[in-house]
Amino acid sequence: MMSWIREWLWLIPLAPLAAAGLLALTPRAGRRRAAWLGIGSLSVATVLSWAAFFGAWPGAGGAGREVNFTWLTFGRTPLELGWVLDPLTGAMLAMVSTVALLIFVYSLGDMRADPNFTRFFCFLSFFAGSMLGLVMANSLLWLFMCWELVGLASYLLIGFWFEKPAAAAAAKKAFLVTRIGDLGLLLGLIYLYTETGTLLCYDEGRGCLEAAALAGLVERVSVGGITVATAISLLIFCGAIGKSGQVPLHVWLPDAMEGPTPVSALIHAATMVAAGVFLVARVYPLMDADVAGEPGLSAALQGVAWVGAVTAVMAAAIAAAQFDLKRILAYSTVSQLGYMMMALGVGGYAVGMFHLIAHAFFKALLFLGAGSAIHGCHHERDIRRMGGLRRWMPVTFAAHAVGMMALAGVPLFFCGFWSKDGILHAAWGWPVSRLPFLLGLAGVGLTAFYMMRQMAMVYGGEYRGGQLKKEIHESPAVMRVPMVILAVAVVLLSVVGTPAWPWLEEFLEGREAAVRAGDLFEHETLWIMGASALVMGAGLVAGWRLYGRRPQRRADAPDPLRMAQPAVFSLLEQRLRFDEVYEATVVRSAAWAAEAWDWLEREVWQGLMQWAGYGALAAGWLSRLSDEYLVNPAFDGGCEGVRGCGRGMSGWHGGRLRIYLRVVAAGMAAMAVWLTWG
């Protein structure tokens with residue numbers, strides 16, 4: 001039915017990439033043209049993405065089929081690329097394009113006064129095309145190329161306001177930190193190609209993620225006694241850690257909030273940071289190859305689970321002590337990405353991807369709501385200098401409240417509740433350990449607490465921002481409409497993710513969805529839902545008692561949590577001092593190594609090269625002296641001797657007959673004497 005879309009899937013990333021190319025040539029004054037090109041191209045990509053989504057349904061024509069082609073040939077070895085249309089690709093294409101389109105529209109209002117409006121839409125379109133290309137790749141080489149293009153787009157957009165030192169530093173930090181993870185990913189891909197001879201995921205049984213290749217990877221042993229499959233998986237996971245802001249490479253993501261709000265919403269909440277989770281999902285057969293038929297028990301997936309669980313609770317705790325509105329949401333993103341990784345690690349592939357999609361919608365909504373509040377308060381981001389905004393910005397407040405309840409996991413009408421409970425259910429059933437479940441449950445309480453704190457300080461109480469009170473205003477319709485659409489989507493997504501009808505999870509696993517109302521009332525499901533709701537409620541109550549019941553009246557009033565636990569609050573406010581530790585260890589070591597190499601270069605290598613130069617000069621002088629005083633005289637003397645002999649001999653060949661006769665006579669006389677004597 002939808003088999004045609006498989007052949008034309010390449011048009012989806014091409015449309016925004018072509019728009020980015022045209023926008024790069026568009027002068028700064030062409031603002032209207034930039035908006036039409038950016039939004040128009042992404043609209044085309046969105047329509048095609050939804051066609052791909054329906055084409056990936058189980059039973060649809062062409063679903064689960066790949067299209068491969070030869071890109072380059074080295075001697076007789078072809079290098080193939082390709083794309084694949086499976087449920088994972090279809091769902092990601094639909095999510096990325098839809099969320100990106102709404103954020104593009106929102107940007108018309110948020111960035112309308114920026115003098116570099118055209119350049120902004122150029123970079124946004126470049127990112128959207130790169131991300132869409134990444135999620136449809138059937139070749140890990142293609143995926144890696146788009147992966148790096150996404151990283152470049154992130155660098156450009158974080159540092160969009162490059163005249164601000166903080167933005168320039170954040171862009172550089174993001175670029176360098178993510179490159180650390182990307183180095184591991186590159187090594188993993190090289191290792192995988194060396195072992196399998198291909199980077200095509202699926203190729204009619206010959207792909208690197210198919211049974212034949214995986215069997216060989218499991219049979220061979222790498223360094224330390226682990227299988228080759230595990231070694232490659234851990235290297236690839238390094239790239240996911242960097243891109244998705246997991247411990248210990250999470251430090252770049254909160255600083256990335258220096259970019260414009262649409263950038264924070266699109267790249268660092270909904271799509272780009274989810275690329276690491278998507279990568280783990282794409283290579284899931286490889287990561288789970290060691291223990292076939294028992295997901296979540298392989299060494300690689302155990303590592304994924306532990307990293308995700310620690311990140312989820314740690315980032316949530318840090319978020320509870322931040323005052324920058326966007327930075328709170330940034331740490332929230334790090335935490336939620338940890339939940340996704342934990343889900344994949346414990347074997348909950350479908351619920352992890354369900355949470356990724358749900359999170360994309362409600363976190364984009366939260367960032368757009370935060371951007372609207374910042375826009376209404378004339379770019380104020382400190383929640384201590386806000387307050388009472390619900391009076392002047394009711395639509396923003398309502399949309400932000402929907403996103404907050406989805407993130408906190410309020411039952412029963414918000415997708416975040418069902419996706420997070422699905423993760424907790426998967427973690428509870430993990431036979432390795434129950435600790436990830438407990439950490440996830442603690443993260444639920446912390447999430448509810450810091451989101452209630454944020455809502456109470458931004459929208460509750462009285463305004464604490466000084467003389468700008470009369471200038472607070474609701475955002476224009478072009479910013480409000482995308483927020484309303486996202487809020488509706490957050491509620492509607494809850495319908496397809498309940499245990500009674502887990503349509504989205506069944507779709508992601510490639511199965512026909514069926515209504516199973518009895519699953520909702522199973523004992524284990526009910527008690528996990530109850531425990532999650534109880535912990536979430538405790539977090540909301542604690543947040544309300546500290547920040548909502550008696551709201552602060554002054555911006556400089558001490559934080560209630562700081563007063564209760566000053567040492568803990570100070571440590572969390574300083575983000576557990578990760579940056580300071582890295583500054584004292586990694587950065588200082590790199591600086592010391594650079595200084596040591598500089599000294600070695602100047603004092604050792606430069607000296608050695610100078611002495612080598614002196615040696616070469618001396619050798620040249622010796623060569624010259626020997627040439628002038630030994631070789632030349634000997635050669636010239638020999639030549640003069642030969643010349644003298646020649647002159648002497650030439651006298652005997654003058655052509656004078658009497659001389660010849662005298663010689664003959666002398667010879668005959670000499671012969672006669674000799675004969676007579678003899």
Rounded to the nearest 0.5 Å, what separates atom [atom1] in [X] from atom [atom2] in [Y]?
X: W430; Y: L301; atom1: CH2; atom2: CG; value: 9.0 Å
X: N138; Y: Y202; atom1: CG; atom2: OH; value: 8.0 Å
X: I241; Y: M341; atom1: CD1; atom2: CE; value: 7.5 Å
X: S244; Y: L253; atom1: OG; atom2: CG; value: 9.0 Å
X: F127; Y: S154; atom1: CZ; atom2: OG; value: 8.0 Å
X: L199; Y: I190; atom1: CG; atom2: CD1; value: 9.5 Å

Do [Y] and [X] have ring centroids that are under 6.0 Å from one another?
X: F53; Y: F507; answer: yes
X: W147; Y: F144; answer: no
X: W428; Y: W527; answer: yes

Checklist line | Qualifying residue for side-chain contact (heavy atoms from CB on, under 4.5 Å) with L217, from T227, D290, T196 | finding: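 When side-chain contact (heavy atoms from CB on, under 4.5 Å) is applied between L217 and each of T227, D290, T196, only T196 qualifies.
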Is the shortest heavy-atom distance from the side chain of [X] to the side chain of [Y] under 4.5 Å?
X: F278; Y: L134; answer: yes
X: F362; Y: L486; answer: no
X: L141; Y: W71; answer: yes
X: I267; Y: V273; answer: no
X: S139; Y: E80; answer: no
X: L140; Y: C208; answer: yes
X: L101; Y: T98; answer: no
X: S130; Y: L17; answer: yes

Item checked: Pairs satisfying salt bridge (Lys or Arg N to Asp or Glu O under 4.0 Å), at least one member in residues 204-220, at least two apart ->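 The answer is E195-R220, D203-R206.
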Margin query: I need the full list of salt bridge (Lys or Arg N to Asp or Glu O under 4.0 Å) pairs touching residues 245-254, with sequence neighbours left out, sorted by first then second residue.
Written below: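 Sorted result for residues 245-254: empty, none.
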Is there a donor in the side chain of [X] and an acceptor in the side chain of [Y], or the other way round, less than 3.5 Å apart?
X: W50; Y: S97; result: no
X: S332; Y: Y450; result: yes
X: Y339; Y: T311; result: no

Next item on the list: Report the C-alpha distance between L329 and M451 in whole Å, list the side-chain angles of each, state the deciding distance to 0.1 Å, and finish with yes or no for side-chain contact (heavy atoms from CB on, under 4.5 Å).
Entry: CA-CA 9 Å; L329 295 178; M451 286 310 299; 4.3 Å; yes
Do any N or O atoms from the side chain of [X] and from the backbone of [Y] form a donor-acceptor pair under 3.5 angstrom?
X: K172; Y: Y155; value: no
X: T498; Y: S494; value: no
X: E505; Y: A350; value: no

Could you tell me which non-hydrogen atom of [X] sits nearest to which non-hydrogen atom of [Y], and how far apart they are?
X: A408; Y: T447; value: CA-CG2, 4.1 Å
X: F361; Y: A489; value: CD2-CB, 3.8 Å
X: P78; Y: T70; value: CB-CG2, 3.8 Å
X: A128; Y: L42; value: CB-CD1, 4.1 Å
X: Y582; Y: P248; value: OH-O, 2.6 Å
X: A406; Y: V490; value: CB-CG1, 3.5 Å

Check: What do the steps show when you test T178 against K243 for side-chain hydrogen bond (donor to acceptor under 3.5 Å, both in side chains), and what is the final call?
Finding: CA-CA 6 Å; T178 53; K243 192 73 80 181; 5.5 Å; no
Item checked: Worked verdict on L9 versus V67 for side-chain contact (heavy atoms from CB on, under 4.5 Å) -> CA-CA 9 Å; L9 212 62; V67 176; over 6 Å; no
Checklist line | Contacts of type side chain to side chain contact (heavy atoms under 4.5 Å, CB included), residue A343, not counting sequence neighbours | finding: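 Applying side chain to side chain contact (heavy atoms under 4.5 Å, CB included) to A343 gives V351, I423.
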Note to self: Ring of F367, cation from K326 - is the NZ or CZ under 6.0 Å from the centre and inside 45° of the axis?
What the structure shows: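 The answer is no; the distance or angle limit is not met.
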Margin query: In terms of relative ring orientation, are Y349 and Y284 parallel, tilted or perpendicular, with 30° and 60° separating the classes?
Written below: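 Judged by the thresholds at 30° and 60°, the geometry between Y349 and Y284 is tilted.
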Notebook entry, point to check: Parallel under 30°, tilted from 30 to 60°, perpendicular over 60°: which one fits the rings of H355 and H359?
Noted result: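 Judged by the thresholds at 30° and 60°, the geometry between H355 and H359 is tilted.
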Item checked: Pairing residues for W418 by the side chain to side chain donor-acceptor pair (under 3.5 Å) criterion, not counting sequence neighbours ->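 None.
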Note to self: Could you work out, with side chain to side chain donor-acceptor pair (under 3.5 Å) as the rule, every residue matching S532, not counting sequence neighbours?
What the structure shows: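 Counting only residues at least two positions away or on another chain, S532 forms a side chain to side chain donor-acceptor pair (under 3.5 Å) with D421.
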Next item on the list: Please test F417 against V410 for side-chain contact (heavy atoms from CB on, under 4.5 Å), starting from the C-alpha separation and ending with a verdict.
Entry: CA-CA 6 Å; F417 169 76; V410 175; over 6 Å; no
Checklist line | Ion pair check, E148 and R179, cut-off under 4.0 Å | finding: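 Salt bridge flag = yes for R179 with E148.
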Check: D255: what forms a salt bridge (Lys or Arg N to Asp or Glu O under 4.0 Å) with it, not counting sequence neighbours?
Finding: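 In terms of salt bridge (Lys or Arg N to Asp or Glu O under 4.0 Å), with neighbours along the sequence ignored, D255 is linked to K173, R327, R575.
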Note to self: Run F237 and V307 through side-chain contact (heavy atoms from CB on, under 4.5 Å) and show every step you take.
What the structure shows: CA-CA 10 Å; F237 182 51; V307 169; 4.0 Å; yes
